2 protein chains.
Amino acid sequence: MVWQRVCIIGVGLLGGSIGLALKRKRLAKQVVGVGRSISRLDTALQRGAIDVATDDILAGARDADLIIACTPVQSIVDSLAVAASVAQPNAILTDVGSTKQSIIRGAIGRLPASQYIGSHPIAGGHHSGVEHAVGTLLDGALVVITPTEHTPQDLTDRMTRFWESMGSRTCILTPQEHDEALAISSHLPHMVASALAGTTPSHMLQFVGKGWMDSTRIAASNPQLWRQILEENHAPALQALKNFATICQTWIEALEQGDFDRVESLLEAGKATRDAVASRHLSG
Amino acid sequence: MVWQRVCIIGVGLLGGSIGLALKRKRLAKQVVGVGRSISRLDTALQRGAIDVATDDILAGARDADLIIACTPVQSIVDSLAVAASVAQPNAILTDVGSTKQSIIRGAIGRLPASQYIGSHPIAGGHHSGVEHAVGTLLDGALVVITPTEHTPQDLTDRMTRFWESMGSRTCILTPQEHDEALAISSHLPHMVASALAGTTPSHMLQFVGKGWMDSTRIAASNPQLWRQILEENHAPALQALKNFATICQTWIEALEQGDFDRVESLLEAGKATRDAVASRHLSG
């Protein structure tokens with residue numbers, strides 16, 4: 001199906017990539033980008049990620065039949081509530097936030113259950129901003145869709161078809177399942193990378209190699225964004241970090257006891273898990 | 001200066017890259033590769049990393065004026081002792097092992113202090129084996145040289161000139177300083193990456209993204225090699241892991257207390273450290 005007017009609120013890496021894919025695949029007659037920075041919207045226009053740019057959400061969302069909020073997680077419900085007031089009555093409202101329970105709690109009474117459903121494309125890069133957007137970012141990426149018990153099946157089906165038309169794979173989880181999974185697969189690595197970078201004294205930085213560089217890469221992410229994510233997904237993130245600390249303690253005990261058979265079996269276990277994923281990711 | 005005959009014991013990623021650089025820069029009249037696997041030596045020959053291949057260390061090291069052991073750390077002293085017995089009397093003996101104190105302890109009484117000096121090029125990649133060797137691997141890489149109080153200054157100077165002629169930067173540390181630095185900059189990231197991969201349940205692997213992939217990349221390394229490294233550098237590695245566990249505990253407390261200002265300042269500290277290095281590494 002072809003959308004009449006898709007409104008993307010927040011045209012950064014993910015919003016811009018969604019726009020580029022919509023245009024490339026001719027899935028939308030018009031893509032409207034809503035943002036606060038005119039210069040960034042200009043970049044999005046120049047890159048062909050959007051057809052129309054505005055800093056007025058009411059103007060941008062008017063008569064839209066699909067609205068995708070790509071803002072930081074704490075602004076999503078507000079943005080969608082404003083947009084919904086001027087969009088088509090049956091418009092789909094979704095977001096790409098990387099936590100889901102808190103957004104869905106915030107949506108109760110503010111966004112119609114017949115229109116709002118959460119999405120989370122597990123795609124991204126080290127660099128944010130529309131200048132790094134690419135129309136292929138979502139190709140083959142997994143999008144988690146998070147209906148609640150109030151979500152009509154038809155809305156879930158339409159949302160699934162949308163992301164599949166974008167070239168993505170989809171998976172349905174409850175908001176709670178989503179948040180617990182992402183705490184482990186995404187939020188924990190961010191905390192660990194940050195702790196690893198943070199524990200390295202500055203006079204030791206001259207000795208770091210490719211291993212340290214890879215392992216700490218995501219520590220360079222935006223602290224304000226990640227504070228929000230960890231605030232929104234507080235309990236699952238804490239639990240994931242506690243589980244990780246327990247494994248670190250096992251490591252410490254093995255080293256204290258000079259039990260290098262145990263060290264080797266820990267290394268083997270880590271390698272087995274890593275190798276299982278590497279074989280699925282072409283990028284290795 | 002041009003070396004008459006350089007003997008590389010263990011022609012893998014690093015040994016092969018050293019051979020390729022020696023040839024490309026015309027720094028050696030002959031490069032001999034010593035290994036246990038004829039098929040891997042054949043690959044090294046085909047790639048032009050060595051001129052001559054042998055599985056006989058006595059034949060390979062005969063009359064060499066520079067011998068570089070690129071074997072796993074626990075074989076280095078044995079290999080160099082055999083090689084020294086047939087090399088030129090004034091030959092330089094070195095190694096590229098990633099721990100230094102235990103090698104140097106093992107070298108006492110077995111390798112002449114006038115000839116042996118430790119080296120550690122901080123260079124490498126995710127893939128081992130001579131098939132991934134490149135002649136530019138050492139370009140701009142830091143090589144730590146680890147003389148002891150028994151090492152003649154002239155030997156340190158000659159070793160420094162060698163690595164600089166290979167295009168590397170050099171730095172002099174005591175073996176103890178080296179091992180403490182590498183425990184933090186290299187061995188800790190390996191343990192952390194392994195623990196992070198190992199703590200991820202297999203049914204969660206479908207949700208991992210680029211962040212998890214980067215942060216766990218080195219968990220795919222060879223467990224036997226890393227067991228050896230951690231065994232050799234036991235105490236500094238344990239101390240580095242304990243310091244890391246303390247930061248994780250700080251993170252856990254901040255999350256337990258819901259103190260997100262503290263979380264944000266931890267994220268800021270990690271980012272500041274990571275950004276300080278990224279600006280120095282072109283590969284970011």
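Keep in mind that this is a model prediction, so the values were computed, not measured. Residue numbers begin at 1 in each chain, while the letters A, B, ... track the order of the sequences.
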Just give me the residue among A/Ala220, A/Gly198, A/Cys171 that pairs up with chain B most often, heavy atom to heavy atom, under 4.5 Å. A/Ala220
Under a 4.5 Å heavy-atom cut-off, does chain A meet the side chain of B/Ile122, its backbone, both or neither? side chain
Quick one: does A/Arg274's side chain have a donor or acceptor within less than 3.5 Å of a partner on B/Met213's backbone? yes
Interatomic distance, B/Glu231 atom CD to A/Leu255 atom CG [nearest 0.5 angstrom]: 10.5 Å
Considering only heavy atoms, which portion of A/Glu256 lies under 4.5 Å from any heavy atom of chain B: side chain, backbone, both, or neither? both
So which of B/Thr216, B/Asn222, B/Asn243 has the biggest tally of heavy-atom pairs under 4.5 Å with chain A? B/Thr216
Between B/Val192 and chain A, which part of the residue has a heavy atom less than 4.5 Å away: side chain, backbone, both or neither? both
If I compare all heavy atoms of A/Ile218 with all of B/Ser215, which pair ends up nearest, and what's the gap? CD1-OG, 3.5 Å
Cut-off 4.5 Å, heavy atoms of chain A, and the answer for B/Ala245 is side chain
Let's test your reading of the structure: which of A/Ile184, A/Val263, A/Thr246 forms the most heavy-atom pairs below 4.5 Å with chain B? A/Ile184
Option in B/Ala181, B/Pro223, B/Pro189 with maximal non-hydrogen atom pairs under 4.5 Å from chain A: B/Pro223
As an exercise, state the distance from CZ of A/Phe260 to CD of B/Glu232, rounded to the nearest 0.5 Å. 9.5 Å
To the nearest 0.5 Å, atom CG of A/Leu196 lies from atom CD1 of B/Ile247 at 9.5 Å
With rounding to the nearest 0.5 angstrom, report the NZ to SG distance, A/Lys242 to B/Cys248. 13.5 Å
Who among A/Ile252, A/Leu266, A/Val144 has the most heavy-atom pairs with chain B under 4.5 Å? A/Ile252
Going from CZ on B/Phe244 to OG1 on A/Thr199, what distance comes out if it is rounded to the nearest 0.5 angstrom? 7.5 Å
Structural part of B/Leu142 lying under 4.5 Å from a heavy atom of chain A: side chain
Please classify the contact between B/Ala193 and chain A as side chain, backbone, both or neither, with a heavy-atom cut-off of under 4.5 Å. side chain
When you check the side-chain N and O atoms of A/Gln228 and B/Glu264, is any donor under 3.5 Å from an acceptor? no
Quick one: closest heavy-atom pair of A/Trp251 and B/Leu241, and the distance? CB-CD2, 3.5 Å
Enter the distance from B/Lys271:NZ to A/Ser221:OG here, rounded to the nearest 0.5 Å. 7.5 Å
Less than 4.5 Å apart, side chain to side chain, heavy atoms only: is that true for B/Gln224 and A/Leu267? no
Would one find more than 12 heavy atoms of other residues, nucleotides or ligands at under 6.0 Å from atom CZ of A/Arg262? no
For B/Ser186, is it the side chain, the backbone, both, or neither that has a heavy atom closer than 4.5 Å to a heavy atom of chain A? neither
Exam field: side chain B/Ser185 to backbone A/Phe207, donor-acceptor pair closer than 3.5 Å: yes
